[in-house]
2 protein chains.
Amino acid sequence: MEDVAEVAGVSRGTVSRVLNGGHYVSPDALTAVQRAIRKTGYVVNQHARSLVTQRSNSVAFILSDPQDRLFEDPNFNILLKGCTQALAERDITLLLTIAGTQEDRRRVGRWVTAGHVDGVLLVSEHAGSPLTDELRSRGLPIVAAGRPIGHEREISYVAADDRDGARQMVNYLRSRGRRRIGIITGPTDTPGGVDRLAGYRDVIDEPDPGLITHGDYTQASGERAMADLLDRAPDLDAVFVCSDLMALGAISTLHRAGKRIPQDVAVGGFDDSKVAVSADPPLTTIRQDFTRVSTEMVRLLLDSIGTNTRSAVILPTELVIRESA
Amino acid sequence: MEDVAEVAGVSRGTVSRVLNGGHYVSPDALTAVQRAIRKTGYVVNQHARSLVTQRSNSVAFILSDPQDRLFEDPNFNILLKGCTQALAERDITLLLTIAGTQEDRRRVGRWVTAGHVDGVLLVSEHAGSPLTDELRSRGLPIVAAGRPIGHEREISYVAADDRDGARQMVNYLRSRGRRRIGIITGPTDTPGGVDRLAGYRDVIDEPDPGLITHGDYTQASGERAMADLLDRAPDLDAVFVCSDLMALGAISTLHRAGKRIPQDVAVGGFDDSKVAVSADPPLTTIRQDFTRVSTEMVRLLLDSIGTNTRSAVILPTELVIRESA
DNA sequence: CTCCTGACTGGGAGCGCTCACAGTTTGTTG
DNA sequence: CAACAAACTGTGAGCGCTCCCAGTCAGGAG
């Protein structure tokens, strides 16, 4: 930096000012410094800068899932990619962290609060993750993906409108004349599990308990849950499966049971992921835009880093009609 | 740190020594400092440390793919997850970076060489990525995933034995009596595209050009390539598809063409990814262990950060027999 | 007893920045 | 024309560490 200053014929202070927005710098000095920077190939030392500003210009992307299952989830991939890109645009570094085990979480908790990052993007499958409290207690800005059950008033989050999406799907199935509509939910400790079921209940009052069953978002669990449902309610004429991946499983169970889709049983999914299109038949589903979720998360986080505010963003979901229902 | 020193009744220097291995520290001082650290909740400021040591204790994971296609690739996910975990074990931070566009690459090149990271894990689909030269010229330790075509002697890499895997598959197909064996390769500017074809040629001398076609690792390209192959060589009795995802596409084309698998056409894949098991019929394929690749990459990188050595690791591949062949 | 060596300790210097402050110049106002 | 504000510039201090060097102290060799 001293070199740049010398080449440009100014002082360190002026170079620093140029680097930080160029306020209170004369046009002459500005161009001289810019030229000197190019000539010397100078690039700031982020560590030195962080040392004095107490800001690291980086955020952590923390994946806190006991099973590490999320890494196989296409939604997660879109989220990660979206965040990476949104942050890169603002010259902020993304530190990727996995905190699967209890010990991981402790380590990450310490690490994060050591000032290594300015904020946290938290992606965790289950509610009440111990990390949430840990991070919150340090006053570090956090934005969660999905509604953080039990912490809605405490930490910011961005979520798709699960409940409304479910309502849309069930309403649609009803509008097509289906009367015995089953549901395969996600885990009941995830917002997707809870809220989509709530949406189902919003439309169908006093639903037959035999029409409700649970999966864990995996294809295999969809197969099992569908078999279970078929067992308990052989007369069902539609099923709302709360993830596309599970819907794939449900479809194969239905095929095996000799049911035609959608003639005998209509199938609705959730996510509108890649697989929905290539399913057989192509899946009618609810779209949630994870790219949008990621950009909103980044926006929220950067906002709250400056201002320390808290807010929630609920993004709309949309019915996508294909052939399965 | 000064606080810790005071609480422990020693000097900054001694605290620093404890923090960095505890050499030349008396047992009394050691325990006193450790207690003081716990009591004060002290944690080192990585920026200050990096400022003086010129080491950041972090490495960049650079995804350099024009199409961003890799983010949808299950192999890539395993790689990323493996690297994250392997690095976390050694308390090294992983910075995730996407360098899709030319401008991205320029930005990343500058950023990386500014001393933000101690090394680079490079994952790029195509050979001759301009980033490779850029990074290499700065003398930064790099380890690539897959053989970096044209740079084999210059940068370290970890790769599965593509060529041998292909040989195993084609040999197996031959051993089952198949004589008209087609191949759907990956892009010809990727090591997987080149080397697996080479393996095929190793086994089949003077192959019928009509039996060779290319895809781009996507499912859709597998469908197209299979149709193309069926067109040019209606009598083929086996096909080696150079990725499981493409194999899925090939299978659906074969189904549509009324071919039975494996009776009419045997299908072999490559990767042994998740989808191989759930394919219909389950896919005979070549396993490459990406978790192993990632741990080897991390090992190689950390070695070369200290020593500045270069090396290559080729990991064995293995035939996994299921029902499609 | 002197000398040396090795274990250990404290403190100054400095890593490369930003920030606050004092100082200079220019333009504007009463 | 004095007084003042606004635009701009340079410099010292200090962010929290590590490294180096000078020093102390014990124990063993000569």
Side-chain angles (χ1 to χ4, degrees), chain A residues 1-37 40-58 91-93 110-118 305-306, chain B residues 1-37 40-58 91-93 110-118 305-306:
Chain A
M1 187 160 153
E2 205 106 15
D3 291 352
V4 175
E6 190 166 345
V7 170
V10 297
S11 71
R12 269 171 27 242
T14 301
V15 175
S16 178
R17 261 167 242 130
V18 171
L19 256 28
N20 293 284
H23 301 301
Y24 289 91
V25 175
S26 67
D28 284 3
L30 186 76
T31 56
V33 169
Q34 285 170 337
R35 190 167 325 157
I37 286 175
T40 55
Y42 167 83
V43 7
V44 290
N45 181 319
Q46 190 59 51
H47 298 300
R49 175 180 277 179
S50 293
L51 184 57
V52 30
T53 57
Q54 308 283 22
R55 296 267 256 98
S56 68
N57 277 311
S58 63
D91 253 303
I92 293 178
T93 309
R110 274 215 329 276
W111 178 82
V112 154
T113 49
H116 286 125
V117 295
D118 300 332
I305 284 174
Chain B
M1 186 160 154
E2 204 108 13
D3 292 351
V4 174
E6 191 166 345
V7 171
V10 298
S11 70
R12 268 172 27 244
T14 301
V15 175
S16 178
R17 261 169 241 129
V18 171
L19 257 28
N20 293 285
H23 301 301
Y24 289 92
V25 175
S26 68
D28 284 3
L30 187 75
T31 56
V33 169
Q34 285 171 336
R35 189 167 324 157
I37 286 176
T40 54
Y42 167 83
V43 5
V44 291
N45 181 318
Q46 190 60 50
H47 298 301
R49 177 180 275 179
S50 293
L51 183 58
V52 32
T53 59
Q54 308 283 23
R55 296 266 256 100
S56 68
N57 277 312
S58 64
D91 253 304
I92 293 177
T93 309
R110 274 215 329 274
W111 178 83
V112 155
T113 48
H116 287 125
V117 294
D118 299 333
I305 284 174

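Remember, predicted model here, so these are calculated numbers, not experimental data. Side chains included, hydrogens not; waters and symmetry mates left out as well; all remaining heavy atoms used. The sequence lines fix the lettering, A, B, ..., with proteins before strands; numbering per chain opens at 1.
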Side-chain donor or acceptor of [X] paired with backbone N/O of [Y] under 3.5 Å:
| X | Y | result |
| --- | --- | --- |
| B:Thr14 | B:Val10 | no |
| A:Ser50 | A:Gln46 | yes |
| B:His116 | B:Trp111 | yes |
| A:Ser16 | A:Arg12 | no |

Has B:Asn45 got a side-chain N or O lying under 4.0 Å from the OP1 or OP2 atom of D:dC15?
-> no
Determine: side-chain N/O of B:Thr53 to OP1/OP2 of D:dT18, distance under 4.0 Å, yes or no.
->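 No, no such contact exists.
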Whole Å only: how far is the [atom1] atom of [X] from the [atom2] atom of [N]?
| X | N | atom1 | atom2 | value |
| --- | --- | --- | --- | --- |
| A:Ile37 | C:dG16 | CD1 | P | 16 Å |
| A:Asn20 | D:dC8 | CG | P | 16 Å |
| A:Glu6 | D:dT11 | CD | P | 12 Å |
| B:Arg55 | D:dC19 | CZ | P | 11 Å |
| A:Arg49 | C:dC19 | CZ | C1' | 13 Å |
| B:Gln46 | D:dC15 | CD | C1' | 15 Å |
| B:Leu51 | D:dG16 | CG | C1' | 9 Å |
| B:His47 | D:dG16 | NE2 | P | 12 Å |

Closest heavy-atom pair and its distance - B:Ser58, B:Ile92 |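 Between these two residues, the closest heavy atoms are CA-CG2, 3.7 Å.
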Mind listing the closest non-hydrogen atom pair of A:Leu51 and B:Asn45 along with its distance?
-> CD1-ND2, 4.1 Å
Degree of bending in the helix from C:dC1-D:dG30 to C:dG30-D:dC1 once both end axes are built from five pairs, to 10° | 50°
Taken in chain and number order and not counting sequence neighbours, the residues that satisfy salt bridge (charged side-chain N to carboxylate O under 4.0 Å, His left out) with B:Arg55 are B:Asp118
Using a 4.0 Å heavy-atom cut-off across all strands, classify A:Glu2 as base, sugar-phosphate, or nothing.
-> nothing
Closest to the side chain of B:Gln54, out of D:dT18, C:dT18, C:dC15, is C:dC15
Over 12 foreign heavy atoms within 6.0 Å of CD, A:Gln34 | yes
Determine, step by step, whether A:Thr93 and A:Asn57 satisfy the side-chain contact (heavy atoms from CB on, under 4.5 Å) criterion, reporting the C-alpha distance in whole Å, the side-chain angles of both residues, the deciding distance to 0.1 Å, and the verdict.
-> CA-CA 7 Å; A:Thr93 309; A:Asn57 277 311; 5.9 Å; no
List the protein contact pattern of nucleotides 7-14 of chain C with one symbol per nucleotide (5' to 3'): B for base contact, S for sugar-phosphate-only contact, - for none; contact means a heavy-atom distance under 4.0 Å.
-> SBBBBBB-
